[in-house]
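Notes to accompany the following structure.
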Amino acid sequence: MQHDRVRAECRSRLQRRDQRAQRVGANRLVVGGAVEQVDGVDQQRVDVGGGHRLAKRRDLLTGIHARLPGARVLVEDLDRLRAALDPPRDRLRRPAGGGDVGADQHRLRLGSTCMRVRFAPSPTGALHVGGARTALYNWLLARGGGGTLVLRIEDTDRERSTSENVEQILEALQWLGIDFDEGPISQVARSERHQELLQQLLDAGHAYRSSATKAEVDLFKAQHGAHRGFRGEDEGSGAVRLRVPDEGESVVHDVIRGGATFAHVHLDDPVIARADGSVLYNFAVAVDDMDAAITHVVRGEDHLSNTARQLLVLEALGAAPPIYAHLPLLHGADGKKLSKRHGAASVQEFRDLGYLPEALKNYLALLGWGAEDDETILSTEELAERFSLERVSKNPARFDHQKLRWMNGRYMRALPVQQLTERLEQFTGRSGLRAAVEISHEKMQTLADFEPLAGFIFDGPADDPKAREKWLDEDGRAVLADVHAALEPLQQFTLENVQEALEGVLAARAAKPKQVFQPVRVALAGTAVSPGIFETLVVLGRDESLARIERALRV
RNA sequence: GCCCCCAUGGUGUAGCGGUCAGCACGCGGCCCUUUCACGGCCGAAGCGGGAGUUCGAUUCUCCCUGGGGGUACCA
């Protein structure tokens with residue numbers, strides 16, 4: 001109930017924000033004209049909602065305005081904004097925490113109660129770890145601050161989108177424990193609404209139909225210079241293009257990057273709908289984010305350039321843009337964009353490799369973000385509590401499987417035996433694993449490590465010729481015979497009595513521990529690697545252990 | 001080609017004008033030790049280059065170089 005009220009309040013605030021932006025007639029800064037020196041500082045003319053001001057060039061570029069959501073584009077706020085800019089850094093980096101109402105507190109207030117974020121995967125393949133990280137960051141943001149997470153399926157690419165992929169994505173998110181509050185919303189299901197707004201843009205002259213081909217676009221640019229974006233003619237038919245003004249520039253205010261400035265003159269009039277009327281990504285995203293009242297768009301950096309186009313769509317629609325945060329991309333070990341070639345890339349591959357979802361989340365969270373106190377192992381709850389966009393790194397990160405393995409091992413070891421047993425039973429499809437898990441608990445880094453380490457307990461000794469050769473030679477078998485003799489009289493195996501027995505052999509032969517234990521290990525496990533030898537004997541039990549030793553003796 | 005973004009050890013990062021440049025993975029050594037792990041200790045390893053601002057730059061500005069992304073009637 002409380003929640004609904006908060007949401008209703010948010011919605012109306014956002015609506016008021018949009019209306020105000022519409023009334024004033026501007027929702028973004030238009031920067032134009034020469035840079036001039038005023039008081040030794042580069043300043044530039046900025047048109048804001050019909051008026052204009054001089055603003056510090058540096059501030060425009062660093063996108064400080066993005067810190068004042070809903071206020072950043074309005075004339076009456078500019079003075080306040082500028083007043084808040086000095087000194088900018090202290091205010092922007094961390095919440096002041098005092099009574100001072102700075103830009104950050106503004107942002108945080110909106111962020112904590114009204115934040116509406118979304119994860120919008122395209123079902124053209126399985127969910128990739130890069131996508132998973134984006135989903136995770138959005139989820140952490142929403143969960144950490146009582147916000148709302150919307151799941152939207154961007155399926156406007158009819159050729160490549162499949163329902164199987166949608167299933168896969170949903171399944172991967174579920175496995176990760178990433179849930180959402182609204183959706184999944186199918187983008188194609190909203191086509192009626194898209195048509196409506198598309199027509200609105202056409203009617204208002206913000207968009208036009210053109211049948212210009214790629215070659216014609218290239219020709220245009222060749223004629224008008226490489227820096228010049230394509231401008232078409234309204235031909236009344238063909239694909240729908242958005243009209244981009246030549247003058248001015250669009251500034252993407254980005255919480256992570258500051259600002260990215262795109263001069264309009266460089267931009268082509270983007271195609272926003274196909275000739276058949278079906279809408280394209282840049283249009284659909286803008287509309288859907290607007291309709292869903294998304295406040296923060298957190299997505300991969302590969303979308304950064306497109307954001308300028310989306311800003312233009314939003315402006316034509318008369319809507320205020322959300323706050324953006326473009327995450328650095330994930331790379332493989334070779335520094336190239338992560339793909340199938342780098343081994344595991346999809347979430348289910350990591351699941352099948354024996355990784356724990358909580359470990360994967362922890363690792364992914366730390367890829368491109370760091371807690372203030374350098375903490376490395378953070379539970380999902382701790383992550384949600386501490387995560388902040390401001391601390392997201394700007395650099396692309398390489399995916400390091402080794403570190404993931406290490407981290408996964410930490411999580412496995414932290415798990416109570418019973419829980420780990422359940423996970424392993426699910427992973428392997430076996431049952432009755434508890435005793436075996438107990439003795440191999442400390443030795444695994446992934447669930448998949450269990451079989452090679454302890455599978456012999458259930459499947460009989462493995463076949464490792466090298467180990468046999470080395471440890472079951474004549475000496476080894478002599479040792480085994482002694483061990484058998486020492487173990488045989490024991491009624492029942494316990495940790496104490498097997499240890500006593502083996503140490504007896506050790507003492508009698510005046511041998512090194514290794515010389516006694518390794519042959520036994522190979523007899524029991526078939527390999528030179530296994531859980532502790534006493535523990536293994538106990539888990540295997542008297543009869544099975546003796547039988548295996550006898551068998552080793554026989555060959 | 002054009003546009004945009006980025007730049008601290010091998011990797012992920014901390015740093016926000018004065019630090020012995022911190023942490024983690026990995027790597028090397030030692031210890032523990034019945035194998036493998038785990039754990040503990042120690043160590044090697046970094047501010048891409050050049051100008052500028054400054055008493056002082058890893059930190060601010062510019063240029064270069066390098067990397068990445070975009071440039072689709074894909075998302």
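Quick note on labels: first sequence line is chain A, next is B, and so on, each numbered from 1.
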To the nearest Å, how far apart are A:L366 CG and B:A14 P?
-> 10 Å
Look at the side chain of A:D302 and decide which nucleotide, out of B:G70, B:U34, B:C38, has an atom nearest to it.
-> B:G70
Is A:D464 reaching over with its side chain to a backbone N or O of A:T527, donor-acceptor style, under 3.5 angstrom?
-> no
Looking across every strand, which nucleic acid part, if any, lies under 4.0 Å from A:R160 by heavy atom: base, sugar-phosphate, or nothing?
-> base
Whole-Å distance separating the CD1 atom of A:I377 from the C1' atom of B:G12 | 13 Å
Given atom NE2 of A:H401 and atom P of B:G12, what is their separation to the nearest angstrom?
-> 13 Å
Which is true for A:Y363 with a 4.0 Å heavy-atom rule: it touches a base, it touches only sugar-phosphate, or it touches nothing?
-> nothing
If the plane angle is over 60° it's perpendicular, under 30° parallel, otherwise tilted; pick one for A:F387 and A:Y137.
-> tilted
With sugar-phosphate meaning primed atoms plus P, OP1 and OP2, does A:R405 contact a base, only sugar-phosphate, or nothing at under 4.0 Å between heavy atoms?
-> nothing
Base, sugar-phosphate, or nothing: which does A:E301 touch, judged by heavy atoms less than 4.0 Å apart?
-> base
Which part of the nucleic acid does A:A226 contact within heavy-atom distance under 4.0 Å: base, sugar-phosphate only, or nothing?
-> sugar-phosphate
B:G48 and B:C55, which share atom name P, separated by this distance in whole Å | 25 Å
Closest to the A:Q402 side chain: B:C25, B:A24, B:C73?
-> B:C25
Does the ring center of A:H401 lie less than 6.0 Å from the ring center of A:Y363?
-> no
Please report, rounded to the nearest Å, how far the P atom of B:C25 is from the CG atom of A:N408.
-> 15 Å
When the aromatic ring centroids of A:F450 and A:F456 are compared, is their separation below 6.0 Å?
-> no
B:C3 versus B:G9 - spacing of their P atoms, nearest Å = 29 Å
B:A72 phosphate, OP1 or OP2: any side-chain N/O from A:N306 under 4.0 angstrom?
-> no
hbond_proxy A:D449 side chain to B:A37 base (donor-acceptor, 3.5 Å cutoff) | no
With A:F283 as partner, the option from A:L201, A:V240, A:L242 fulfilling side chain to side chain contact (heavy atoms under 4.5 Å, CB included) is A:L201
If you look at every strand shown and take non-hydrogen atoms under 4.0 Å, does A:A528 touch a base, only sugar-phosphate, or nothing?
-> base
Indicate whether OP1 or OP2 belonging to B:C6 is found under 4.0 Å from a side-chain N or O atom of A:N395.
-> no
Closest-nucleotide ordering on RNA chain B, the 5'-leading residue of A:W369 and A:R521 = A:W369
Looking across every strand, which nucleic acid part, if any, lies under 4.0 Å from A:S305 by heavy atom: base, sugar-phosphate, or nothing?
-> base
How many Å lie between CH2 on A:W406 and P on B:U11, as a whole number?
-> 18 Å
Taking only side-chain nitrogens and oxygens of A:R391, does any of them come within less than 4.0 Å of OP1 or OP2 of B:G15?
-> yes
Is A:K443 side chain donor-acceptor paired with the B:C38 base, going by distance under 3.5 Å alone?
-> no
Could you check whether A:G532 gets within reach of a base, just the sugar-phosphate, or nothing at all, counting any heavy atom under 4.0 Å?
-> base
Gap between atoms CZ and P, on A:R158 and B:A75 respectively (whole Å) = 11 Å
At under 4.0 Å, does any side-chain N or O of A:H227 touch on OP1 or OP2 of B:C3?
-> yes
So which nucleotide from B:C5, B:G68, B:G69 ends up closest to the side chain of A:H331?
-> B:G68
Name the nucleic acid region contacted by A:R309, choosing base, sugar-phosphate or nothing; use a 4.0 angstrom heavy-atom cut-off, strictly under.
-> sugar-phosphate
Return yes if the base of B:A24 and the side-chain atoms of A:K403 contain a donor-acceptor N/O pair under 3.5 Å, otherwise no.
-> yes
Short side-chain to backbone donor-acceptor contact, A:H227 and A:V265, under 3.5 Å | no
Donor-acceptor pair present, A:R398 side chain and B:U11 base, under 3.5 Å = no
Closest nucleotide among B:C3, B:C6, B:C25 to the A:K394 side chain | B:C6
Identify whether any heavy atom of A:T156 sits under 4.0 Å from a base atom; if not, whether one sits that close to sugar-phosphate; answer base, sugar-phosphate or nothing.
-> sugar-phosphate
Let me know the distance between CD of A:E372 and P of B:A14, rounded to the nearest Å.
-> 11 Å
Can you tell me the distance, in whole Å, between the CZ atom of A:F399 and the P atom of B:A24?
-> 21 Å
Side-chain H-bond candidate by donor/acceptor type, A:N408 with A:T446, under 3.5 Å = no
